[in-house]
Amino acid sequence: MNALETLLETTLRTLPPVLLAGMGGMLANRIGILNLGLEGMMLTGSFVGVIASYYTGSAYGALLIAGLASALVALIFSLFTIRFKANPTVVGVAVNMLIAGLSTYFLSVLFGVRGSFSDSNIVGLPKIALPGISEIPVLRAFNNQNLTVWLALLFVILLHYVFYHTSLGLRIRATGQFPMAVTTAGVNVKALQYGALVFGGFLCGLGGAHLSLGQLTLFTEDMTSGRGFIALAAAIFGKNTPVGTLIGALLFSFTDGVTRRIQTSGFPSMLIDMIPYIVTVVTLWIVEMHALSRRKKMLTGRASRK
Amino acid sequence: MEYSVELEGIRKVYGPVIANDDISIKVRKGSVTCIVGENGAGKSTLMNILYGLEQPTAGTIRINGETVRFSSSRDAIKKKIGMVHQHFMLVNELSVLENVIIGMEPRKGPSLNYKKARAVVSELGERFGMQVPLDEKAGDLAVGIQQKVEILKILYRGAEILIFDEPTAVLTPQETRELFANIRTLTADGKTVLLITHHLDEVMEISDDIVVVRRGKVVATLKKEETDVKQLAFHMVGSALPEECQREEKQSDQVVLAVKEITVAGANKPNAVNRLSLEVHEGEILGVAGVSGNGQSELARALAGLVPVTSGSISLCDRDITRKSRRARLLDGISYIPEDRKTDGLCLQWSIAENAIAGYYVQPAYSGRFGFINRKKMNETAERIIQEYDVRTPSAAVPVGSLSGGNQQKVVIGRETVVDPKLIIAAEPTRGVDIGAVSFIHNDIIALRNKGVSVLLISSDLDEIFRLSDRIAVMYNGEIAAIVDPSSITREELGLYMAGAKKEG
């Protein structure tokens, strides 16, 4: 494989967490609730994934359980924000802190370890071998990718279809803009919001499981290290559309991949670790600036048309 | 007789407040029934109960003779009741088609069947004479068209009984006429229309039956042929309206306010007011008419000194005040009655007395030498306002938020006029005020004018504009479309200027 293919391969390998959680964040944005708890929901997936894999010995089972565990956390998040009308920002931050604490606690209770946990009983996620393409340039980067990579891409297609070709999608798109309009049209908006948040949580869980069971089979404290927030940035970058979020996630995991390459060449690693986050801030700034100038143009354009 | 809707003994109690007190109404199938009443009379509550948004404390609802109980608007929709809300329930970013079908989308397998939806909706539009552009975004349409989309939306849901909540509040006279024509098409088709309004002229134009509601009770049920505007007003208020104040002949041509080519930025528009010029003379009421959202708010705020102008100049009695602050202009004698008394006009938690000098406490009469407020003076002013403006309140110490809308507005107007201003900028001075208070406020404004005070009246209520103005300036898209003499123009002609279909010069 040449350098480009290696880079593409790394990008794809690191894509699922940001992409899956990004779609979770996108769903939350679409129904009008900011989900800052993506980070905690993803960490739940990482942690529960490792435990489930350790006890059940089944990678598929672990993946499913990780998703369900995160969905449960998302359900708690939705109960607080929808039912009890708590401020979503505060609840989101609380979820992140709670899960960080709980995972550390159970790590020491269950396995008596601190910091990280690894064991030969943990089964990693299967890689999908595509013998047909191993000789085709560029495309061969897709060979031997994790199951979650394909799952994540599949969910992009699925959500795109749901958003723009089904009534459920129409209702979701309308809810974030003007929930009252959807309510008076006779739709149960709260059920819609619960559904979107819980499903988003499930996606976060899959993303988290990829972190702990995809490449390595180990859990370390705070192993999501801000990916939940980067995921949210990817969703915003993608204007809360499935394909847009995919592009955003690709951009960030590409930066991540580049960063890892540079790391091996001897630069101070702390400085290099900053790069994905700086890219996040800068892209969001550019996106906002672009949106602002477009809005201005549209308004002056509309005024002069009259 | 066949009745579509029968309300019997409807009662709705919120804590100590009785919003609906034993209301009984029968609505004939295929008729237009107007529910008239002042703000707070309980007509919106009643319609919300009929639409299932609220549940009555007691009483029964019968639809086509069948007793029903609604726990949400979904139940009402099932019984073929639809409501066109005063504030449209449209998602601006979605297309018209999507807005119409949302909640009842036709399907084809798992997918939404856009093709069928389009066919059904355009057929519906043709049948009722309401063609709308299906692919445009709802937010890009004019208000009158948005309202048609709303009507189509409930027709699409199969509504046989249509409730309109203050449908004409946002329309130009032409759009109102079109709406009434649409309503007639609907009733001709056998549909039943319930219409809430407080515009009595419109009631006389469109209704078959009229129900007058006052303080939660039905005070009169009338046939249109048996009544007139005066009688309706009497029922609504519960007493005869005060005599109209007569305007004296105008005596001066001296310019008090001169505005030259000002441009003012709005919230999302750099030229909400666009190179606008006007003059207000001494002892003159200049009415600024227009559909709301055409820059009137920005103009009022810029003249009051709350927002800066980006270009142009403003002068008061030949002195330039373009760069002066609100406080400086207030001391110069520019009073300001803001369009939203609850957010800009009053501090609702404060007492009447405190509100009576709010803003004016900087005057030496109220601020003592060490910056303490002279409470005695403050209370005197408050008592004077309560006396002269007939504010119905137990005392000056009660929070102003506990008063009715009309009495709150009287406090604002009292505060802004007891100071002997040179110029009053009155933005929507009677919005959301009962008609008793409206005639009081109108008389007060005319009396001020007779005393030589200049008034810039900004109003989206054409009755008010015609009743008060010496001259009318029509605002459209941030500019003055025309300045006209109220005695030589019809409402329809004014409507053309308001809609931007006609422009002077």
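In what follows, every heavy atom counts, from backbone to side chain, and hydrogens, waters and symmetry copies are set aside. These numbers were taken from a predicted model, which means no experiment stands behind them.
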Considering only distance and modelled atom types, tabulate donor-acceptor pairs under 3.5 Å from the side chains of residues 84-94 of chain B, sequence neighbours left out.
none

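- When the shell of 6.0 Å around CZ of A:Phe254 is examined, it contains 12 or fewer heavy atoms from other residues, nucleotides or ligands.
- Rounding to the nearest 0.5 Å places CD1 of B:Ile102 at 6.5 Å from OG1 of A:Thr175.
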Kindly list each side-chain donor-acceptor pair under 3.5 angstrom involving residues 232-250 of chain A, sequence neighbours excluded, with atom names and distances?
unit_1   : atom_1 : unit_2   : atom_2 : d
A:Asn240 : OD1    : A:Asn29  : ND2    : 2.9
A:Thr241 : OG1    : A:Gly238 : O      : 2.8
A:Thr241 : OG1    : A:Gly244 : N      : 3.0
A:Thr245 : OG1    : A:Thr241 : O      : 2.7

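- Neither the backbone nor the side chain of B:Lys108 comes within contact range of chain A; no heavy atom of the residue lies under 4.5 Å from a heavy atom of that chain.
- B:Arg157 places no side-chain N or O within 3.5 Å of a backbone atom of A:Gly186 that could act as its donor or acceptor partner.
- Heavy-atom neighbours of chain B within the stretch residues 161-170 of chain A, taken at a separation under 4.5 angstrom, comprise A:Tyr161, A:Tyr164, A:His165, A:Thr166, A:Ser167, A:Leu170.
- With sequence neighbours excluded, the residues satisfying salt bridge (Lys or Arg N to Asp or Glu O under 4.0 Å) with B:Glu479 are B:Lys503.
- The local environment of CZ in A:Phe80 is sparse, with at most 12 non-hydrogen atoms from other residues, nucleotides or ligands closer than 6.0 Å.
- Both the backbone and the side chain of B:Ser111 come within contact range of chain A, judged by heavy atoms closer than 4.5 Å.
- Proximity to chain A is absent for every atom of B:Met83, based on heavy atoms less than 4.5 angstrom apart.
- For the pair B:Arg107 and A:Arg171, the tightest heavy-atom approach, listed with the atom from each and the gap, is NH2-NH2, 4.5 Å.
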